Amino acid sequence: MFLGETGSGKTTQIPQYLYEAGIGRQGIVAVTQPRRVAAISLATRVSSERRTELGKLVGYTVRFDDLTSDETRIKFLTDGMLLREAIGDPMLRKYSVVILDEAHERTIHTDVLFGVVKAAQKKRKELGKLPLKVIIMSATMDVDQFSQYFNGAPVLYLEGRQHPIQIFYTKQPQSDYLQAALVSVFQIHQEAPFSQDILVFLTGQEEIEAMTKTCRDIAKHLPDGCPQMMVMPLYASLPYSQQLRVFQAAPKGCRKVILSTNIAETSITIAGIKYVVDTGMVKAKKYSPEIGLEVLAVQRVSKAQAWQRTGRAGREDSGICYRLYTEDEFEKFDKMTIPEIQRCNLASVMLQLLALRIPNVLTFDFMSKPSPDAIQAAIEELDLLGAVERKEDQLVLTPLGRKMAAFPLEPKFSKTILLSPKFHCTEEILTIVSLLSVDSVLYNPPARRDEVQSVRKKFISSEGDHLTLLSVYRAFKNVSGNKEWCKENFVNNRNMMLVSDVRAQLRDICVKLSIPIESSRSDTGNIRRCLAHSLFMNAAELQPDGNYSTVGSHQLVTIHPSSVLFHCKPACVVYNGLLHTNKCYMRDLCVVDADWLYDAAPDYFRRKLRAAKN
DNA sequence: GAGCACTGC
């Protein structure tokens, strides 16, 4: 176990030491990363340090991109990718060492891998095979539970070269963190040399766009002698070209002020930041298994997250961080962010564990156990989808479940694909599922809403979002992905290209599983039937009072404003998921017949009806 | 009647 601060070079050096020590001769050294870009750039760097061609001694594997060969001995890969490999080989036989890097981030994939490598290690020992060495690397002090989990593994500490950062707290709690952020930005702006840039952490797109406008307005009316200000928003759904602006140096006499979500905490690193303004707030997802509801809410950051934000000020030189909360408030923050695995729907994770032939998934050795309710809810979902069965008192995958696990998708979407041959619409379902599994291909700049609406009219289907997206994709293919067309039609070109990649991958998997791929052509009824049969547990009916109620749990829900059905009142719909922000919203809707739902799962609805009566 | 943090297979 290595605990190393940022800049200690642990990720690039340790794999090379292991290789030089001869461990790489018995098997490959794997190094996992939570993000694709990190895996690729680290492989590139280590490969050039070894003075070898990338893809030979040193390589990487991420989704859609595999640059490894028979010679590869040091392999960087995303944690999700190693997990996928483990399904084909639970003992990870080709590896002599697995290094799980950035373990402190506690992504859902890293957390599952903790258990998978531990099980592989034990199994290999029992069978007298080459031992599997496991190294956990973390940048924070939470090593105790890592060490404990891995049977008291030794901990090594590495010195980093972080620059000192001065921290200021507010004297009083702030009731309005946006106002406080605004005041701090302009206070810094009037006092500090113009070459020192400011990074402000806020919670979301809307808030950031509003704050950007306010800052720009104020910056127009600054007193003489005050430097100019360039205000830049930064969040994930911002088009790539606009994200890139934050890397450009401001002109002389001008200061950069970047207003960002937590994307700038880890995913995007900006040089030249001297000041960090931390509102102490973040928008984060929680999950309540009882009603299958995701809740997205603004909440306090953890201490670890606050330190991560602070660290963004000291990357090249000493820095300054303004925390817009008192020191007492900070002391009350949670120590660590709750691991993702305790905040998610676990259907995918459980399906993967079953595919790994874990003996008893209900008692799987997680480092941080999810609640029994969450595990139970996931198993029930898999059961409804027909993915699991009981055999000799063990929970195992059905043949259908095993096929579902082959797809890199949420189980309900794998099921949609596997059902589609019955409705002769696999071509269309592949497209729809691909569109749903990447970030939105529809770009909605708030300032140009009317324009967007009039351009988008031609794609809109009265049958719902799935079919609307399908018509956008067809139009995109008709112009061969023309970039100008994308711009004119507010279609995100980058995400659309990704849809094509995903679709090709899913299509390949279908071919491998001998699934016939037919097109329903102009018949949209079959597509909707297929969606009704796979999303029946996500159905809602219009009530006499004009509200919607979910068929399963009688939850009051509303159509999300992003849906093409927002202004409509169809009698019966299925949706991809529920998201609770201010209200409980259904997202991505498809109009269906109530009869189809009952046909899809008569037992389920009979049970629900009985439960409602009791 | 009006809204979507961030990754990843």
Side-chain angles (χ1 to χ4, degrees), chain A residues 32-39 61-66 77-88 102 105-113 201-210 234-238 260-268 279 281-286 294-299 301 305 308 337 340 343-344 348-349 351-352 355 404-411 413-414 434 437-440 442-444 446 449 453 465 498 501-502 505-506 509 546-548 558-563 565-569 576-588:
Chain A
T32 70
Q33 293 294 318
R35 283 169 293 280
R36 293 164 53 92
V37 276
T61 306
V62 297
R63 192 182 186 184
F64 309 126
D65 201 359
D66 179 9
L77 70 179
T78 46
D79 47 14
M81 202 70 214
L82 186 61
L83 204 51
R84 195 106 311 255
E85 284 189 8
I87 293 178
E102 309 287 0
E105 288 192 28
R106 302 298 301 273
T107 70
I108 196 159
H109 292 146
T110 307
D111 263 39
V112 177
L113 278 175
F201 283 102
L202 296 163
T203 68
Q205 171 176 348
E206 210 179 69
E207 184 177 285
I208 286 168
E209 289 294 348
L234 179 62
Y235 45 87
S237 61
L238 198 67
S260 175
T261 59
N262 42 350
I263 195 171
E265 270 172 28
T266 48
S267 304
I268 293 181
T279 58
M281 307 304 283
V282 67
K283 200 178 278 184
K285 196 156 70 180
K286 288 183 278 191
E294 290 180 336
V295 184
L296 194 61
V298 172
Q299 53 199 29
V301 296
Q305 219 172 346
Q308 179 69 27
T337 307
E340 196 185 358
R343 294 183 284 124
C344 275
S348 295
V349 168
L351 185 69
Q352 274 174 330
M404 283 167 64
F407 290 95
L409 295 168
E410 277 180 54
F413 293 133
S414 309
S434 305
S437 71
V438 305
D439 284 340
S440 179
L442 306 177
Y443 175 50
N444 298 311
R449 220 175 60 185
Q453 263 178 356
D465 299 297
L498 200 58
D501 288 344
V502 173
Q505 188 188 25
L506 300 181
I509 296 169
N547 287 314
Y548 281 88
T558 312
I559 298 176
H560 193 275
S562 66
S563 171
L565 298 176
F566 183 53
H567 292 284
C568 311
K569 292 267 181 203
N576 287 352
L578 295 177
L579 181 75
H580 191 107
T581 49
N582 294 322
K583 280 183 185 170
C584 191
Y585 289 108
M586 301 179 272
R587 289 199 299 181
D588 301 310

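Treat the numbers as computed from the prediction; the structure is a model and nothing was measured. Side chains are part of it too, since the values below use all heavy atoms of this structure and drop only hydrogens, waters and symmetry mates. Order of the sequence lines fixes the chain letters, A, B, ..., with proteins taken first and strands second; residue numbering starts at 1 for each chain.
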Exercise. Out of B:dC9, B:dA5, B:dC6, which has the shortest distance to the side chain of A:L296?
Worked result: B:dA5

Exercise. Roughly how many Å is it from CG in A:D66 to P in B:dC9, rounded to a whole number?
Worked result: 12 Å

Exercise. Between atom CD in A:E340 and atom C1' in B:dG8, what is the gap in whole Å?
Worked result: 9 Å

For this session: Answer with base, sugar-phosphate or nothing: what part of the nucleic acid does A:F566 contact at a heavy-atom distance below 4.0 Å?
Result: base

Exercise. Roughly how many Å is it from NZ in A:K283 to P in B:dA5, rounded to a whole number?
Worked result: 4 Å

Exercise. Are OP1 or OP2 of B:dG3 and a side-chain N or O of A:Y585 less than 4.0 angstrom apart?
Worked result: yes

Problem set entry | Among A:R587, A:M586, A:E294, side chain to side chain contact (heavy atoms under 4.5 Å, CB included) partner for A:L578 | A:M586

Seminar exercise, completed: By nearest-nucleotide position on DNA chain B, the 5'-leaning member of A:Q505 and A:E206 is A:E206

For this session: Would you mind telling me which residue lines up with the more 5' stretch of DNA chain B, A:L234 or A:E410, judged by nearest nucleotide?
Result: A:L234

Exercise. CD1 of A:I559 versus C1' of B:dG1: gap in Å, rounded?
Worked result: 11 Å

Exercise. Out of B:dC9, B:dC6, B:dG3, which nucleotide sits closest to the side chain of A:S267?
Worked result: B:dC6

For this session: Using atom CZ of A:R449 as one end and atom C1' of B:dG3 as the other, report the distance to the nearest whole Å.
Result: 10 Å

Exercise. Donor-acceptor pair, A:T558 side chain versus A:Y585 backbone, under 3.5 Å?
Worked result: no

Seminar exercise, completed: Closest of B:dC9, B:dT7, B:dG3 to the A:N582 side chain is B:dG3

Problem set entry | Separation of atom CZ in A:F64 from atom P in B:dT7, rounded to whole Å | 16 Å

For this session: Answer with yes or no whether the side chains of A:H560 and A:S562 bring together a donor and an acceptor at under 3.5 Å.
Result: yes

For this session: For A:E265, report the nucleic acid contact type (base, sugar-phosphate, nothing); a contact means any heavy atom under 4.0 Å.
Result: nothing

Exercise. Using a cut-off of 4.0 Å on non-hydrogen atoms, how would the nucleic acid contact of A:R106 be classed: base, sugar-phosphate, or nothing?
Worked result: nothing

For this session: Using a 4.0 Å heavy-atom cut-off across all strands, classify A:I263 as base, sugar-phosphate, or nothing.
Result: sugar-phosphate

Seminar exercise, completed: To the nearest angstrom, the CD-P distance between A:E207 and B:dA5 comes to 9 Å

Seminar exercise, completed: Of the listed B:dC6, B:dC9, B:dG1, the closest approach to the A:K285 side chain comes from B:dC6

For this session: State which of B:dG3, B:dG1, B:dG8 makes the closest approach to the side chain of A:H560.
Result: B:dG3

Exercise. A:L442 CG to B:dG3 P: how many Å, rounded?
Worked result: 19 Å

For this session: Would you check if the side chain of A:K286 reaches a backbone N or O of A:A297 as a donor-acceptor pair within less than 3.5 Å?
Result: no

Exercise. Between B:dG3, B:dA5, B:dT7, which nucleotide has the shortest distance from any of its atoms to the side chain of A:T261?
Worked result: B:dA5

Exercise. Hey, does the side chain of A:R35 come within less than 4.0 Å of B:dC6's phosphate (OP1/OP2), counting only N and O?
Worked result: no

Exercise. Looking at B:dC9, B:dA5, B:dG3, which one has an atom nearest to any side-chain atom of A:T78?
Worked result: B:dC9

Exercise. Between B:dA5, B:dG1, B:dT7, which one does the side chain of A:N262 approach most closely?
Worked result: B:dA5

For this session: Identify whether the distance between the nearest side-chain nitrogen and carboxylate oxygen of A:E206 and A:K283 falls below 4.0 Å.
Result: no

Problem set entry | Side-chain H-bond candidate by donor/acceptor type, A:E105 with A:T266, under 3.5 Å | no

